[in-house]
Trainee: 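I'd like to ask some things about the structure below.
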Amino acid sequence: MKILVINSGSSSLKYQLIDMETENVLAKGLCERIGIENSNFIYKANGVTIEKQIDMPSHKVAVKLVLDQLTDPQVGVISSMSEIDGVGHRVVASGEAFKKPTLVTKQAMQLMEEIKDLAPLHNPAAIVGVNACLAQMPDTPMVLVFDTGFHFTMPDYAYMYAVDYKHYEKYKIRRYGAHGTSHKFVAEEAAKYLGKDISQLKIITCHLGNGSSISAVKGGKCIDTSMGFTPLAGVPMGTRSGDIDYAAAEYIARKEGMNVSQMLTYLNKQCGMLGVSGVSSDFRDLTAAAEQGNYRAQLALNMFAYATKKYIGAYAAALNGVDVIVFTAGIGENDNNIRAAALKDMEYLGVKLDPKANNNCPRGTIAEIQAADSAVKVLVIPTNEELVIARETMREANLA
Ligand code: AMP
């Protein structure tokens with residue numbers, strides 16, 4: 001059983017072919033600059049990397065190239081396309097139209113068209129990606145897997161915004177969250193690792209990367225998450241502001257002569273760590289600058305750690321305690337300073353880090369970093385969103 005996972009961006013397409021018997025990645029890669037000059041194709045399999053500059057005027061051409069490479073007699077990993085049993089497509093936004101992974105049908109794609117302005121940079125790309133795959137593999141079952149899917153178990157009082165209710169009814173304005181596949185994966189991995197039944201656990205999952213979100217997971221179900229209607233909300237991120245008083249944004253817009261759309265671009269692209277530090281959105285650069293005494297870089301890092309701490313505190317309250325805190329994604333998995341700062345002074349919650357374990361955390365594997373006398377387990381777990389998409393595809397397409 002082999003599942004192809006596709007993550008389409010407006011000018012890119014990431015792919016992984018996963019063997020579901022072993023859950024090993026057989027091949028993976030990236031098509032960059034689709035529809036732009038100097039398109040770049042990357043393919044990795046069996047320890048070999050192939051990179052070539054090749055014209056990719058459309059996603060359809062990119063998908064054809066991927067399939068040709070996967071079935072190539074020299075470097076391919078399958079002998080024909082018929083070995084691909086299903087295709088899972090990552091989709092950023094679902095609105096309330098899709099509350100779970102959904103088989104690609106004409107009707108589902110019509111609905112996708114109707115909700116595409118919920119994520120104008122991402123959802124149209126997913127539609128293009130699905131159509132490009134259908135053109136090459138019309139008889140292969142395909143499944144839409146949404147970043148929001150895991151969060152639909154939130155209670156109404158957690159997902160509602162205190163706006164005029166008619167705007168919820170009319171436009172479905174509410175919290176949807178994001179990174180759902182990652183939160184689900186690491187919560188389930190945590191339970192498995194600890195040998196506990198997930199239905200008995202209260203877990204706070206911290207997906208800290210270029211985009212960051214934190215979720216409260218009770219009995220395996222999400223009960224709250226920090227991102228909102230879009231991935232702009234929550235903790236401050238690489239270039240996104242995170243939570244902000246909208247009156248402050250309006251004040252800046254008025255003073256700087258920005259319209260609403262310009263303001264949103266500003267909040268998404270020029271704020272966060274980059275905006276505060278003036279140095280970079282990348283935590284490695286920020287750490288290096290802070291070590292050189294750069295006040296604003298240190299301030300940005302402090303703000304990020306403090307915001308993370310506040311969400312952990314809030315979610316411990318929402319969960320009525322916490323058994324496990326999980327860190328994942330680029331920063332969560334690699335940045336020991338952020339983990340330590342976010343969990344500092346949390347003994348009241350039963351959270352105590354082992355500084356040695358935290359500082360020497362091995363990469364690419366699950367690690368426990370709490371002190372021996374910590375009541376709460378603290379785990380670092382590498383995320384694997386593609387595997388969740390592949391598993392959901394198998395389930396939804398009845399391929400198991
Ligand atoms: P992601 O979006 O999950 O790929 O995470 C990307 C972010 O992780 C980068 O922008 C970096 O800020 C951060 N990151 C990656 N590796 C490290 C590292 N070794 N130390 C600190 N931060 C890292």
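Side-chain atoms are counted along with the backbone in the values below, which use heavy atoms only and exclude waters and symmetry mates. Both ligands and their constituent atoms are indexed starting at 1 by order of listing. Quick note: residue numbers are just sequence positions, from 1.
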Trainee: Does a sphere of radius 6.0 Å around CG in Asp373 hold more than 12 heavy atoms from other residues, nucleotides or ligands, not counting ones at 6.0 Å or beyond?
Mentor: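 Above 12, so yes.
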Trainee: Specify the protein heavy atom at minimum distance from atom 6 (C) of ligand 1: its residue, its atom name, and the distance to 0.1 Å.
Mentor: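 Result for atom 6 (C) of ligand 1: Asn210 N, 3.7 Å.
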Trainee: Assess whether a salt bridge exists between Lys192 and Glu188, defined as any Lys/Arg side-chain N lying under 4.0 Å from an Asp/Glu carboxylate O.
Mentor: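 A salt bridge is absent here (no side-chain N lies under 4.0 Å from a carboxylate O).
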Trainee: Counting heavy atoms only, which of Arg284, His179, Glu385, Glu333 comes nearest to atom 21 (C) of ligand 1?
Mentor: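 Residue with the shortest heavy-atom distance to the ligand atom: Arg284.
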Trainee: What pair of heavy atoms forms the shortest contact from Ser94 to Ile115, and how long is it?
Mentor: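 So the minimum-distance heavy-atom pair works out to O-CD1, 3.4 Å.
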Trainee: Closer than 4.0 Å to some heavy atom of Ala329 - which atoms of ligand 1 meet that?
Mentor: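 Matching atoms, with element in brackets: 3 (O).
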Trainee: Could you walk me through whether Tyr161 and Phe229 pass the ring pair (Phe, Tyr, Trp, His ring centres under 6.0 Å) test, one step at a time?
Mentor: CA-CA 9 Å; Tyr161 289 131; Phe229 181 69; 7.4 Å; no
Trainee: Give a yes or no on whether a salt bridge exists between Lys166 and Asp164, defined as a side-chain N under 4.0 angstrom from a carboxylate O.
Mentor: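 Yes, charged N to carboxylate O under 4.0 Å.
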Trainee: Would you check the N or O atoms of Phe283, main chain and side chain alike, for any that come under 3.5 Å of an N or O of ligand 1?
Mentor: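 Among all N and O atoms of Phe283, at least one is under 3.5 Å from an N or O of ligand 1.
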Trainee: Members other than Met303 in its cluster, when Ile, Leu, Val, Met, Phe, Trp, Tyr link by side-chain heavy atoms under 4.5 Å?
Mentor: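 Once heavy-atom contacts under 4.5 Å are chained together, Met303 belongs with Val276, Tyr295, Leu299.
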Trainee: Nearest to atom 10 (O) of ligand 1, what protein heavy atom do you find, and at what distance?
Mentor: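 Protein heavy atom at minimum distance: Asp282 OD2, 3.5 Å.
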Trainee: Does the protein put a heavy atom under 4.0 Å from atom 1 (P) of ligand 1?
Mentor: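 It does; a protein heavy atom is within 4.0 Å.
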Trainee: Considering heavy atoms of the protein only, find what lies nearest to atom 18 (C) of ligand 1 and give residue, atom and distance to 0.1 Å.
Mentor: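 Of the protein heavy atoms, Asn334 CB, 3.3 Å lies nearest.
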Trainee: Examine Phe152 together with Tyr159 and report whether their ring centres are nearer than 6.0 Å.
Mentor: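 Between Phe152 and Tyr159, the centre distance exceeds or equals 6.0 Å.
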Trainee: Strictly by salt bridge (Lys or Arg N to Asp or Glu O under 4.0 Å), give each pair with a member in residues 22-46 just once, sequence neighbours left out.
Mentor: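 Listed once each, the pairs are Glu23-Arg391.
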Trainee: Is there a polar contact, in the sense of an N or O pair closer than 3.5 Å, between Gly330 and ligand 1?
Mentor: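 The answer is yes, given that Gly330 and ligand 1 share an N or O pair closer than 3.5 Å.
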Trainee: For ligand 1 and His207, I'd like to know whether there is a polar contact (N/O to N/O, distance under 3.5 Å).
Mentor: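 Not met; the criterion fails.
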Trainee: How far is atom 13 (C) of ligand 1 from its nearest protein heavy atom, and which residue and atom name does that atom have?
Mentor: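 Going atom by atom, the protein heavy atom closest to atom 13 (C) of ligand 1 ends up being Ile331 CG1, 3.5 Å.
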Trainee: Pull out every atom of ligand 1 sitting under 4.0 Å from any heavy atom of Gly209, numbered as shown with elements.
Mentor: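 Result: 1 (P), 2 (O), 3 (O), 5 (O).
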